[in-house]
Amino acid sequence: MEPIKKDLVIRGQQIYLRPITADDTELAVRWRNKPAVVKNFIYRKPVSRKDHEKWLTNKVFKGLVHQFIICRSEDAMPLGSVYLQNFEDEHKRAESGIYLGEEQAYGKGIGTEAVKLIADYAFGTLGLHKLSARVLAYNTASRRLHEKAGYVQEAHLKDELFLEGKYEDLILFGAVNPRDH
Ligand SMILES: CC(C)(COP(=O)(O)OP(=O)(O)OC[C@H]1O[C@@H](n2cnc3c(N)ncnc32)[C@H](O)[C@@H]1OP(=O)(O)O)[C@@H](O)C(=O)NCCC(=O)NCCS
């Protein structure tokens, strides 16, 4: 996949999405290490500035990950990030991921809107056929969000992960491009 076009802005109602840049590094590292985010991610180790810079260079700037910053429409305040990763060009599929880093953004429909916007970008602009998302079973907000954004639960994997001394279930969500039906 080619990297995202630098001047791309995806406009929604409450929010818009813009491509992540190196200038967002401090923000992204701070958000990604917040306990509310870490506890809902599979990868639990702290993310350093260096780790994030490597991620940008090796994944985002090469087009292997399409990552956006979610910004509030009214004042451009950055609230979190949404992204596509694990592109499989042959199968026209990828995986979506999301986190909000600013507590005041939670519970207002912003996560749902961001996932709807990135799914529309994946299906409309990139022409993908399928998106998937992996959600820890206890993450009720994310499960609900994905259902509201048009994903369906495709599998409930029992004791799939061993995290902090406990086995955890993982839910697989999938969404097929409505234009391909
Ligand atoms: C998951 C996350 C993105 C949700 O974003 P959000 O903007 O707060 O979610 P929304 O406001 O769009 O709400 C989506 C649904 O979840 C529900 N919800 C929100 N917070 C909830 C909570 N703490 N517990 C239960 N349900 C919750 C909402 O009520 C809504 O459902 P409804 O419309 O039926 O009422 C956000 O909580 C987050 O960033 N969490 C940390 C990182 C994370 O979990 N990422 C996803 C990994 S798979």
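Sequential numbering from 1 along the given sequence is applied to the chain's residues. Atoms within a ligand are numbered from 1 in the order they appear, just like the ligands themselves. The figures here come from the full heavy-atom set of this structure, side chains too, leaving out hydrogens, waters and symmetry mates.
Residue contacts with ligand 1: Thr112 is placed with a nitrogen or oxygen under 3.5 Å of a nitrogen or oxygen of the ligand (distance criterion only). Close N/O approach between Phe41 and ligand 1 is not found [any backbone or side-chain N/O within under 3.5 Å]. Taking any N or O of Lys148, backbone or side chain, at least one lies under 3.5 Å from an N or O belonging to ligand 1. Remark: ligand 1 and Leu145 share no N or O pair separated by less than 3.5 Å (distance only, no angle test).
Residue pairs meeting the side-chain hydrogen bond (donor to acceptor under 3.5 Å, both in side chains) criterion with at least one member in residues 105-117: none, sequence neighbours excluded.
Atoms of ligand 1 found under 4.0 Å from any heavy atom of Asn40 (numbered from 1 in listed order, with element): 41 (C), 43 (C), 44 (O), 47 (C). Atoms of ligand 1 lying under 4.0 Å from any heavy atom of Thr140, numbered from 1 in the order shown and given with element: 24 (N), 25 (C). Per-residue contacts place Leu100 under 4.0 angstrom from the following atoms of ligand 1 (heavy atoms of the residue considered): 5 (O), 6 (P), 7 (O), 38 (C), 39 (O). Remark: ligand 1 atoms within the under-4.0 Å shell around heavy atoms of Tyr99 are 39 (O), 42 (C). Close approach of ligand 1 to Arg144 is summarised as follows: ligand atoms under 4.0 Å from at least one heavy atom of the residue are 15 (C), 16 (O), 30 (C), 31 (O), 32 (P), 34 (O).
Nearest to atom 18 (N) of ligand 1 among the protein's heavy atoms is Ala141 CB, 3.7 Å. Atom 11 (O) of ligand 1 has Gly109 N, 2.7 Å as its closest protein atom, hydrogens excluded (heavy atom only). Nearest protein heavy-atom neighbour of atom 7 (O) of ligand 1: Gly111 N, 2.7 Å. The single protein non-hydrogen atom nearest to atom 40 (N) of ligand 1 is Tyr106 OH, 3.6 Å, given as residue, atom name and distance. The shortest contact between atom 45 (N) of ligand 1 and any protein heavy atom is with Ile98 O, 2.8 Å.
Looking at Leu161, Ile171, Asp169 one by one, the single match for side chain to side chain contact (heavy atoms under 4.5 Å, CB included) with Leu136 turns out to be Leu161.
Residues Lys166 and Glu168 are paired through a salt bridge, judged by an N-O separation under 4.0 Å between the basic side chain and the carboxylate.
For NZ of Lys34, the number of neighbouring non-hydrogen atoms (other residues, nucleotides, ligands) closer than 6.0 Å is greater than 12.
Within a 4.0 Å radius of atom 28 (C) of ligand 1, the protein has no heavy atom. Taking a distance limit of 4.0 Å, we find that atom 35 (O) of ligand 1 is approached by no protein heavy atom.
Ring pair Tyr121/His66 is tilted by interplanar angle, where 30° to 60° counts as tilted. The aromatic rings of Phe162 and Tyr167 are tilted relative to each other, their planes meeting at an angle between 30° and 60°.
The cationic atom of Arg32 (NZ for Lys, CZ for Arg) does not lie both less than 6.0 Å from the six-membered ring centre of Tyr43 and within 45° of the ring axis.
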Assess whether side-chain contact (heavy atoms from CB on, under 4.5 Å) is satisfied between Val65 and Glu95, documenting all intermediate values.
CA-CA 10 Å; Val65 172; Glu95 182 181 15; over 6 Å; no
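Residue-level proximity to ligand 1 for Ala133 is absent, since no heavy atom of it falls below 4.0 angstrom. Contact annotation for Arg134 and ligand 1: only backbone heavy atoms (N, CA, C, O) come within less than 4.0 Å of the ligand. With a 4.0 Å heavy-atom cut-off, ligand 1 is reached by the side chain of Asn139 but not by its N, CA, C or O.
Judged purely by distance below 3.5 Å, without hydrogens or angles, the side chains of His129 and Asp180 pair a donor atom with an acceptor atom.
Within the set Ala36, Gly107, Ser142, Ala149, the minimum heavy-atom distance to atom 6 (P) of ligand 1 is found for Gly107.
Remark: Ser73 pairs with no residue by the side chain to side chain donor-acceptor pair (under 3.5 Å) rule, at least two apart or across chains.
Val152 and Phe173 end up in different hydrophobic clusters when Ile, Leu, Val, Met, Phe, Trp and Tyr side chains are linked at under 4.5 Å.
Side-chain contact between Ile118 and Ile98: absent, with no pair of heavy atoms (C-beta onward) separated by less than 4.5 Å.
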